Amino acid sequence: MNTMCDIGIIGMAVMGQNLALNIARKGFRVAVFNRTQERTREFVNTRLQGEPIVPTHSLEEFVSVLGKPRRIMLMVKAGQAVDEFMEALFPLLEPGDLIIDGGNSFFQDTERRLQEAEKRGLLFLGTGVSGGEYGALHGPSIMPGGHREGYELVSEILERAAAQVEDGPCCSYLGPGGSGHFVKMVHNGIEYAMMEAIAEIYDILRKIYGLSSSAIQSIFEEWNESDVASYLVEITGKILGVEDPETKKPLVDLILDAAEQKGTGKWTSQVAFDLGVPTPVINQAVIARSLSSFKEKRVLLSQIWGRKNDTALCFDSKAKDALRQTLFLSMVAAFSEGFHLLQVASEELQYNLNLVDIARIWKGGCILRARMLSSIQKALAENPLLIFAASEFTQKVKESTKYARQIVKTALEFATPVPVLSATLAYIDSWTSASLPANLLQAQRDFFGAHTYKRIDRPGTFHTVWEGETE
Ligand code: NBP
C-alpha cells in the first residue's frame, strides 16, 4: 500500500485544520505541519477520528512523507508568513513540485511568488478559499489561478473537497498569474458591500421602525425564502436569534459597533480606482467600517449634536417589502460592480476570466452564495455592460429602484446613515443618466488648469480664457 501523502497542508489554524479534515474524508492522505507544534498536537488529539492525516514536526519530515510530484498547500496568515514558508521550502523541493497558497494573499504578491517559484522549476497556484471554518470542512468555494499544469496535479483533490452545486463542483481553474487571488479579493469586496447593506437595513428596522432583534430575526428568516435568499441573509437571521447567556439580552445588542477589517475590501477599492472601474457601493462599505471604528469620537459628537433615536414610523408589510427590494437592489449593484471589475481586470491583466464560471463557483460553499447567482450566470452569458442592465434584471431593478428611493429618503429624514443603500441608487442613477454634470467639471478644470475640454456640437479640443488674463 502506498503510504505517501497525496497532499500536505501547512498552517493548522481554523482553515488549515478544517480543510485537512475535509480532504482526508474524501479519501486522500494528508500530511500536516504548523510552525507552533502544540497546535498540530492539539489538532491530532482533539479532532482526528481515524482520518488519514499524518502529523509532522519539521518541514524536512513534512516534505519527506509527500508523494512526488509534491503538492503543498499553505493555509497561513497572508503576507510575510507565506514568503517565509516558501523560502524554507525551496531548498527541500524538486522541479515539478507544486506550492498552493490558499490564504487571502494580495494578487500582486501572488504574481511575484509565482515568478519566484517558476525560477526554481516549481509550479505555483494562488488560490482563494471562501466559506470560513464551516465551508473549509464541508465544502468551500475554491478559486485557483496560476500554473495550469499545477492545477492538473490537484484538480481531483480540490474539486472533491469543494462544495457541490447542481452544475458541478465550486472549484474551477480561473486563469494565469494572480487571477485566483484577484477573484477572491473581488469576492471579498462584494461581501463587504452585501454585509453593510444588510446592516443598514437592520439599522432602519431597529431605529426608525423600532423593531426588536427577534422581530428583525423573523424578517430575515422570511427573506431567506425570497429573491434575497443568501448565506449572509441566513446567518443574519440566526445571529439575531442568539441570546447572551448571562444577561439574556440579544447578543448582537451587546457587541461593540466598531467593525474591523483585514484589507481585502480596501484592496478591491484601491484596485478598482487603479483600473478606472467605478465601485461606489463597495467603496462605501469599506468607508463605513473605517468610520465605525472611531467609536469614542462618534459618541462625543453625538452628544454635541444632541442626537436621539426617537422611533416614529409604523411598520407594515409595505415597509417590509420596500426594504427587501432595497436590499435586492444593493446586492445586484454589488455583484454588478464586482463583475465589472473582473471583466476589466481580465482584459488589462490578461487573465482571460470566464465570468459565468466564476458566478457558478460562487453558488455553493462561499460567503457570497445567493439565489440570485443563477440569474447572474444567465445575465453574464448575455455579456452585458453591467449585470443590472442585462434583460434578466432590468425590469426588476427598475421596480426595486422606486422602493429604494422611498427607503433612502426615510433614512435621510431620520439622519440614519445608509451609505451603501444611497450609493446603490447613485450608482444605478449615474449609469442610466445620459447626462451628468461632468460638463461643469470640465469647465472648472479648464478654468484653473487649462486642461481643455471637448464640445458636444463639434469635434476638437478647446480651451477658453474664462476671465481676463491673469498676467
Ligand atoms: P490565520 O490567518 O489566523 O493564521 C494563522 C496561521 O498562520 C497559523 O498556522 C500560524 O502559525 C501561521 N503563522 C502566522 Br499567524 N505567522 C506566521 C509566520 N510568521 N510564520 C509561519 N506561520 C505563521 O489562520 P486562518 O484563519 O486559518 O486563515 C488561514 C488563511 O486563510 C489566511 O490567509 C486567511 O486570510 C485565509 N482565510 C481565512 C478565512 C477564515 O474564515 N478564517 C476564510 C477564508 C480565507 P502559528 O500557529 O505558529 O502561530
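Just follow the structure's listing: the first ligand is 1, and inside any ligand the first atom is 1. Note that this is a predicted model, so its numbers are computed, not measured. Side chains included, hydrogens not; waters and symmetry mates left out as well; all remaining heavy atoms used.
- Of the candidates M331, K363, H187, L368 forms a side-chain contact (heavy atoms from CB on, under 4.5 Å) with just one, namely H187.
- Atom 38 (C) of ligand 1 has its closest protein heavy atom at M15 CG, 3.4 Å.
- Considering every non-hydrogen atom in both G178 and F107, the closest pair reads O-CB, 3.5 Å.
- At a 4.0 Å heavy-atom cut-off, ligand 1 touches N34 through the side chain alone.
- Checked by distance only, ligand 1 and V76 come closer than 3.5 Å through their nitrogen or oxygen atoms.
- Polar contact check, G11 against ligand 1: no nitrogen or oxygen pair lies under 3.5 Å apart.
- Annotation for T279 and A272: closest pair OG1-CB, 3.4 Å, computed over non-hydrogen atoms.
- Every atom of ligand 1 with a heavy atom of R39 under 4.0 Å away is listed here by number and element: 47 (O), 49 (O).
- Protein heavy atoms are found inside the 4.0 Å sphere centred on atom 28 (O) of ligand 1.
- Between W267 and H181, the distance from one ring center to the other does not fall under 6.0 angstrom.
- Set against the non-hydrogen atoms of G132, the atoms of ligand 1 under 4.0 Å away are 41 (O).
- Between N18 and E133, the closest heavy-atom pair is ND2-CG, 3.2 Å.
- Residue V129 approaches ligand 1 through these ligand atoms, each under 4.0 Å from one of its heavy atoms: 44 (C), 45 (C).
- Note on ring orientation: taking the six-membered ring where Trp is involved, the planes of F62 and F33 are tilted (angle from 30° to 60°).
- Ligand 1 places these atoms under 4.0 Å from at least one heavy atom of M75: 29 (C), 31 (O).
- Among protein heavy atoms, the minimum distance from atom 5 (C) of ligand 1 is reached at A13 CB, 3.6 Å.
- In terms of protein heavy atoms, atom 26 (O) of ligand 1 is closest to V14 CG2, 3.5 Å.
- Minimum heavy-atom separation, A162 to C171: CB-CB, 3.7 Å.
- A salt bridge between D83 and R113 is present, with a side-chain N of the basic residue lying under 4.0 Å from a carboxylate O of the acidic one.
- When every heavy atom of L232 is checked against every heavy atom of E191, the shortest pair comes out as CD1-O, 4.3 Å.
- By the 4.0 Å heavy-atom criterion, S130 is excluded from the residues contacting ligand 1.
- Ring-plane geometry between W362 and F339 is classed as tilted, the angle between the planes lying from 30 to 60 degrees on a 0 to 90 degree scale.
- With hydrogens left out, the protein atom closest to atom 36 (C) of ligand 1 is N104 N, 3.8 Å, a heavy atom.
- Summary of contacts: the protein heavy atom closest to atom 7 (O) of ligand 1 is K77 N, 3.2 Å.
- Within ligand 1, counting atoms from 1 as listed, the ones closer than 4.0 Å to a heavy atom of M12 are 9 (O).
- In summary, the side chains of D357 and S172 do present a donor paired with an acceptor at a separation below 3.5 Å, with no hydrogens or angles considered.
- With ligand atoms numbered from 1 in the order given, ligand 1 contributes 21 (C), 22 (N) to contacts under 4.0 Å with heavy atoms of F85.
- Looking at ligand 1, you'll find an N or O of E84 within less than 3.5 Å of one of its N or O atoms.
- Ion pairing of E222 with R324 is absent here, as no side-chain N (NZ or NE/NH1/NH2) approaches a carboxylate O to less than 4.0 Å.
- When only non-hydrogen protein atoms are considered, atom 14 (C) of ligand 1 lies nearest to R35 NH2, 3.8 Å.
- Ligand 1 places these atoms under 4.0 Å from at least one heavy atom of T36: 46 (P), 47 (O), 48 (O), 49 (O).
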